[in-house]
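Single-structure report; data block below.
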Number of protein chains: 2
Amino acid sequence: MLLSKSSVYGIRASLYLAAHNRGQYNSIREVSEELDISFHFLTKILQNLTADNLMESYKGPNGGIRLSAKGRKATLLDVVIAIDGPDLFVECALGLPGCGSSDPCPLHNNWAMVREGIKDMLARTTLEEMAKEGKANKFRITPDGHFSWQ
Amino acid sequence: MLLSKSSVYGIRASLYLAAHNRGQYNSIREVSEELDISFHFLTKILQNLTADNLMESYKGPNGGIRLSAKGRKATLLDVVIAIDGPDLFVECALGLPGCGSSDPCPLHNNWAMVREGIKDMLARTTLEEMAKEGKANKFRITPDGHFSWQ
DNA sequence: ATTATTTAAGAGTTTAATGTCTTTAATATA
DNA sequence: TATATTAAAGACATTAAACTCTTAAATAAT
């Protein structure tokens with residue numbers, strides 16, 4: 001898979017929260033059940049996003065998690081980098097440490113272009129905007145297709 | 001990383017053999033030492049390529065491994081699919097089973113294009129041709145940069 | 001104050017990828 | 001036929017990703 005499961009879970013949760021954002025917190029339990037993701041595992045993943053100020057969390061009754069203002073303007077690229085780091089967008093396609101424009105591997109130039117394509121795919125638009133598109137097009141973000149964008 | 005280590009090792013070994021192909025067999029030991037890849041691990045990986053008739057192996061003294069005629073005309077895409085299967089080029093970017101053009105995830109259309117870019121990068125030309133380019137451009141295929149294309 | 005609800009933190013467990021080691025089978029050469 | 005050389009096969013070990021479970025900390029409401 002292109003992205004780790006952690007990144008994919010982070011993406012799906014971010015889209016969920018972008019769609020269900022009315023200023024209040026959504027409980028992680030609710031998000032995990034709606035999206036069919038293990039609760040504790042999702043909690044860990046979302047901690048990366050709050051640490052990066054893409055989300056805000058609050059403990060206690062009626063607590064939960066929500067996108068921050070920064071998060072609403074962020075892209076899936078920001079989400080992926082917050083969770084898995086920038087390696088995918090920096091490393092040589094063959095993982096060769098010394099590969100660079102002055103001493104390239106056979107894939108170097110092509111990979112530079114493909115990598116930009118991946119970045120563009122993830123950074124095309126904001127989470128806020130993607131939630132609108134998701135609602136308009138009823139995009140699938142669950143395995144079983146059961147999900148209400150509202 | 002985009003590709004598994006197994007696929008990357010398979011790619012590097014394929015390029016090595018394409019460059020050192022004079023009809024005779026190269027021992028896997030030699031390949032593994034030249035490319036700094038664990039010998040036994042590389043052996044396992046190359047078995048996928050011989051099983052797919054991209055390579056031919058021969059036991060005994062002066063035995064070893066070499067590209068087949070099919071292998072010389074094959075591309076890195078064939079190598080990757082022989083080793084890791086076609087999942088990367090088939091699966092939804094979010095790993096959602098039901099995702100398809102009739103019920104797409106938010107990345108479906110963009111991912112379809114990016115995926116073609118990855119395939120094009122890997123299927124641009126044959127191993128035979130890549131070996132020529134490698135020799136002409138002295139492309140890096142080892143971590144330490146030490147490698148003779150001959 | 002006490003209790004219930006929620007995230008945070010951290011210690012496990014499981015699974016798959018990666019890597020190592022030993023034994024077996026094939027084959028050439030002496 | 002005996003020996004050396006090679007890949008194949010398979011058991012085992014290590015590592016990292018993925019997942020589970022328990023306890024702690026914060027907070028609201030009673």
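Chain identifiers are assigned alphabetically (A, B, ...) following the order of the sequence lines, protein sequences preceding nucleic acid strands; residue numbering begins at 1 within each chain.
- Residue B:Tyr9 has no polar side-chain atom (N or O) positioned under 4.0 Å from OP1 or OP2 of C:dT18.
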Could you go through nucleotides 21-23 of chain C and list every protein N or O atom that sits under 3.5 Å from one of its N or O atoms, giving the distance for each pair?
from, atom 1, to, atom 2, distance (Å)
C:dC21, N4, B:His40, ND1, 3.1
C:dT22, O4, B:His40, ND1, 3.4

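- Note on B:Ser27: every side-chain N or O is 4.0 Å or more away from OP1 and OP2 of D:dT5.
- Distance B:Asp36 CG to C:dG19 C1': 14 Å, rounded to the nearest Å.
- When the side-chain nitrogen and oxygen atoms of A:Ser4 are compared with OP1 and OP2 of D:dA17, none of them lie within a distance under 4.0 Å.
- Put simply, the side chain of A:Ser57 does not reach to within 4.5 Å of the side chain of A:Leu46, judged on heavy atoms.
- Taking atom CG of residue B:Asn48 and atom P of nucleotide D:dA7, one finds them 16 Å apart after rounding to whole Å.
- Contact check for A:Leu127 versus A:Leu76: side-chain heavy atoms found under the 4.5 Å cut-off.
- As rounded to whole Å, 13 Å separates atom C1' of C:dT18 from atom CG of B:Leu42.
- In this entry the distance linking CD of B:Gln47 with P of C:dA26 reads 14 Å, nearest Å.
- If you take CZ of A:Phe39 and C1' of D:dT22, they are 12 Å apart, rounded to a whole angstrom.
- More than 12 heavy atoms of other residues, nucleotides or ligands lie within 6.0 Å of NZ in A:Lys70, so this atom counts as buried by the packing criterion.
- Each of B:Met1 and A:Gly64 was matched to the nucleotide of DNA chain C holding its nearest heavy atom; the match closer to the 5' end belongs to A:Gly64.
- Look at A:Lys5 and you'll find a side-chain N or O under 4.0 angstrom from OP1 or OP2 of D:dC19.
- In the displayed structure, B:Met113 atom CE is contacted under 6.0 Å by at most 12 heavy atoms of other residues, nucleotides or ligands.
- Phosphate contact (OP1/OP2 of C:dA8, side-chain N/O of A:Ser57, threshold under 4.0 Å): present.
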N/O to N/O distances under 3.5 Å, protein versus nucleotides 27-30 of chain C:
from, atom 1, to, atom 2, distance (Å)
C:dT27, O3', B:Tyr58, OH, 3.4
C:dA28, OP1, B:Tyr58, OH, 2.2

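- Distance A:Leu49 CG to C:dT7 C1': 14 Å, rounded to the nearest Å.
- Shown here is B:Lys73, whose NZ atom has no more than 12 heavy atoms of other residues, nucleotides or ligands within 6.0 Å.
- Contact of the A:Phe39 side chain with the A:Ile28 side chain is registered, since non-hydrogen atoms from C-beta on lie closer than 4.5 Å.
- Residue A:Ser38 has no polar side-chain atom (N or O) positioned under 4.0 Å from OP1 or OP2 of D:dC19.
- Taking atom CD on A:Glu30 and atom P on C:dT7, their separation rounds to 10 Å, with Å as the unit.
- In this structure the side chain of A:Trp149 reaches within 4.5 angstrom of the side chain of A:Ile141, judged on heavy atoms.
- A:Arg124 is linked by a salt bridge (Lys or Arg N to Asp or Glu O under 4.0 Å) to A:Glu133, counting only residues two or more places apart in sequence or in another chain.
- Residue order along DNA chain D, read from the 5' end via each residue's closest nucleotide, puts B:Thr43 first among B:Thr43 and A:Asp84.
- Note: CD1 (B:Ile45) to P (D:dA9) measures 15 Å, nearest angstrom.
- Classified by interplanar angle (parallel below 30°, tilted 30° to 60°, perpendicular above 60°), the ring pair A:Tyr9/A:Phe41 is perpendicular.
- The side-chain heavy atoms of B:Ile37 and B:Val31, taken from C-beta on, include no pair separated by under 4.5 Å.
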